[in-house]
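Data block below; observations after.
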Amino acid sequence: MGTFVLVLHTHLPWLAHHGRWPVGEEWLHQAWAQSYAPLLERLAELGDAGHRDVLTIGVTPVLAAQLDDPYCLAEQHRWLADWQLRADDLSGARDAVLRRLGTQESRQARAALARFEGAWSSGGSPLWRNLSDAGVIELLGGPATHPVLPLVREPLADLALAGGLDDHIRRVGRRPRGIWLPECAYEPGLEKVLARHGVDHLMLDGPSLRHVGSRTSRPWYLADSEIAVVGRDLDVTYRVWSPRRGYPGGRWYRDFHAYHHESGFKLSRVTGSNVEPADKAPYDPERARAALADDVDDFVSVVRDRLRAIAEADGRPGLVVAAYDTELFGHWWHEGVDWLAAVLTRMPQAGIEVTTMAKAVEALCPDAHAHPERSSWGLG
């Protein structure tokens, strides 16, 4: 039928110490506990079940360093313990709804703490490396400090690439073939810099290719180089998350923005797009799971229909690439990691080949060149 590639980018380059509720930001701690750790656990489960080449993921060097740093590891451990204590306190609330939600939060906190203590003693890099070595995922490299490369002079771009790729070797033991371009930002001539550092495939946003008449349903050679480029399929990607819509905005999912200010927890469901935070209904995990099953079915159908349309138009199997920030799954969208694991399991059952960017490029073989202009994310 065709090939589906999921590309994730793990990139929150926040400072190591964010504080704890109610003082300071908690984004790094939350994303670590609710995105990175559960995602790695689910990917390991998929690997144990025999799945291979399930997705491509990039970890920006700044964040990779934080996830390995002893100080950051200790701070994360403390934050998780604090999360558990606060949740245990809420589980004893007099109000029955708060007590039920606090019990659910306490269960999640305990699971996160156990997950961290059982797997993260040496940091994140050994976990990424295990999955990569086993062929479960493809790891992308990236420039140090995550600069938008078209906005820096070529000597600095060279330095950033060299530093970032060398850091990748030090952390996971091999030089990456593929790269995540920060902000998917490209300008003509950048391919020469990338080629000097051994990069042989990458992704650009779909409009960057379509604007110059190159479709996203196949890989291309980038400009006059031998670097392969694939394009993000916005129609499919936006089914999950877009500037205006997407599954995480469904009324049964947990609302990211509405806090219970006494505890610091998110205890409400989305309820409706025009409902004020104070008026949102309490979160109901069972209804959220039912909504998740429907959205898994919908996404698999969308990808299947897209690949069928490509095959009919091109007379051969094609390619669909969907790409997201890793933090969407679990951090921004509480149910997202479960959705992701279900989709990766269901796709092959629907006759869709799931693979990595590298394997898709090898299988579909670019046979023409695309010449994108200066471009970055988005529709423009």
Side-chain angles (χ1 to χ4, degrees), residues 18 20-22 25-45 76-120 240 246-273 275-296 326-343 345:
H18 273 71
R20 300 179 182 89
W21 182 270
E25 294 285 1
E26 299 183 292
W27 288 14
L28 174 62
H29 299 306
Q30 290 173 353
W32 197 335
Q34 298 164 3
S35 290
Y36 313 145
L39 174 63
L40 283 162
E41 185 177 63
R42 299 305 293 273
L43 289 172
E45 291 171 356
Q76 181 66 9
H77 198 193
R78 292 187 187 97
W79 185 87
L80 290 168
D82 183 66
W83 177 18
Q84 180 185 312
L85 289 172
R86 291 188 293 118
D88 288 349
D89 183 64
L90 186 64
S91 68
R94 291 184 178 182
D95 182 86
V97 173
L98 287 179
R99 190 165 60 248
R100 172 176 61 82
L101 294 171
T103 299
Q104 295 165 0
E105 193 76 23
S106 177
R107 190 180 304 118
Q108 294 168 12
R110 290 177 184 276
L113 184 58
R115 181 187 296 124
F116 185 84
E117 292 176 341
W120 284 81
V240 179
Y247 302 140
R251 60 178 178 165
W252 295 107
Y253 292 132
R254 196 174 78 170
D255 190 286
F256 177 82
H257 299 284
Y259 277 89
H260 176 252
H261 286 278
E262 285 76 14
S263 67
F265 295 130
K266 305 176 182 77
L267 305 179
S268 303
R269 61 180 176 89
V270 172
T271 311
S273 60
V275 179
E276 292 298 320
D279 298 326
K280 290 180 181 290
Y283 180 60
D284 185 336
E286 291 186 7
R287 299 302 296 265
R289 281 193 289 272
L292 191 79
D294 290 340
D295 288 339
V296 169
T326 305
E327 295 79 15
L328 170 64
F329 302 98
H331 177 54
W332 305 111
W333 182 17
H334 179 67
E335 301 80 6
V337 173
D338 290 336
W339 180 90
L340 195 66
V343 163
T345 301

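Residue indices begin at 1 and follow the sequence shown.
Here the straight-line distance linking atom CG of Asp279 with atom OG1 of Thr271 works out to 9.0 Å at 0.5 Å rounding. Here the CG atom belonging to Leu80 is positioned 9.5 Å from the CZ atom belonging to Arg115, to the nearest 0.5 angstrom. For the atom pair Leu267 CG and Arg100 CZ, the distance stands at 9.5 Å (nearest 0.5 Å). In this structure, OG in Ser106 is found 12.5 Å from CG in Leu101, a value given to the nearest 0.5 Å. Once rounded to the nearest 0.5 Å, the distance linking CZ of Arg110 with CD of Gln84 reads 4.0 Å. One distance of note links CZ of Phe265 with CG of Leu90; it measures 6.5 Å at 0.5 Å rounding.
If you check the side chains of Gln34 and His334, you find no donor sitting under 3.5 Å from an acceptor. Between the side chains of Trp83 and Glu105, a donor-acceptor pair is found at a separation under 3.5 Å.
Here the rule is side-chain hydrogen bond (donor to acceptor under 3.5 Å, both in side chains) with Glu327, and of Tyr36, Trp32, Trp332, Trp333 only Tyr36 fits it.
The shortest non-hydrogen separation linking Tyr283 to Arg254 is CE1-N, 3.4 Å. Across all their heavy atoms, Arg94 and Arg99 have their closest contact at O-NH1, 2.9 Å. Between Phe329 and Ser35, the shortest heavy-atom contact is O-OG, 2.8 Å.
The closest side-chain heavy-atom distance from His260 to Leu98 is below 4.5 Å. In this structure, Pro277 and Asp255 have side chains that are not in contact, with every pair of non-hydrogen atoms separated by 4.5 Å or more.
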- Task: Given side chain to side chain contact (heavy atoms under 4.5 Å, CB included), test Asp338 with Arg42 step by step and report yes or no.
- Result: CA-CA 8 Å; Asp338 290 336; Arg42 299 305 293 273; 2.5 Å; yes
- Evaluate the criterion side chain to side chain contact (heavy atoms under 4.5 Å, CB included) for residue pair Leu40 and Trp120; output intermediate values, then yes/no. CA-CA 11 Å; Leu40 283 162; Trp120 284 81; 3.5 Å; yes
- Message: Checking Glu335 against Arg269 for the salt bridge (charged side-chain N to carboxylate O under 4.0 Å, His left out) test, could you report, in this order, the C-alpha distance in whole Å, the side-chain angles of both residues, the deciding distance, and whether it holds?
- Response: CA-CA 12 Å; Glu335 301 80 6; Arg269 61 180 176 89; over 6 Å; no
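For the pair Lys280 (side chain) and Val270 (backbone), a donor-acceptor distance under 3.5 Å is present.
For Asp295, the side-chain contact (heavy atoms from CB on, under 4.5 Å) criterion is met by Tyr247, Tyr253, Trp339, not counting sequence neighbours.
A salt bridge is absent between Arg78 and Asp82; no separation between the charged side-chain nitrogens and carboxylate oxygens falls under 4.0 Å.
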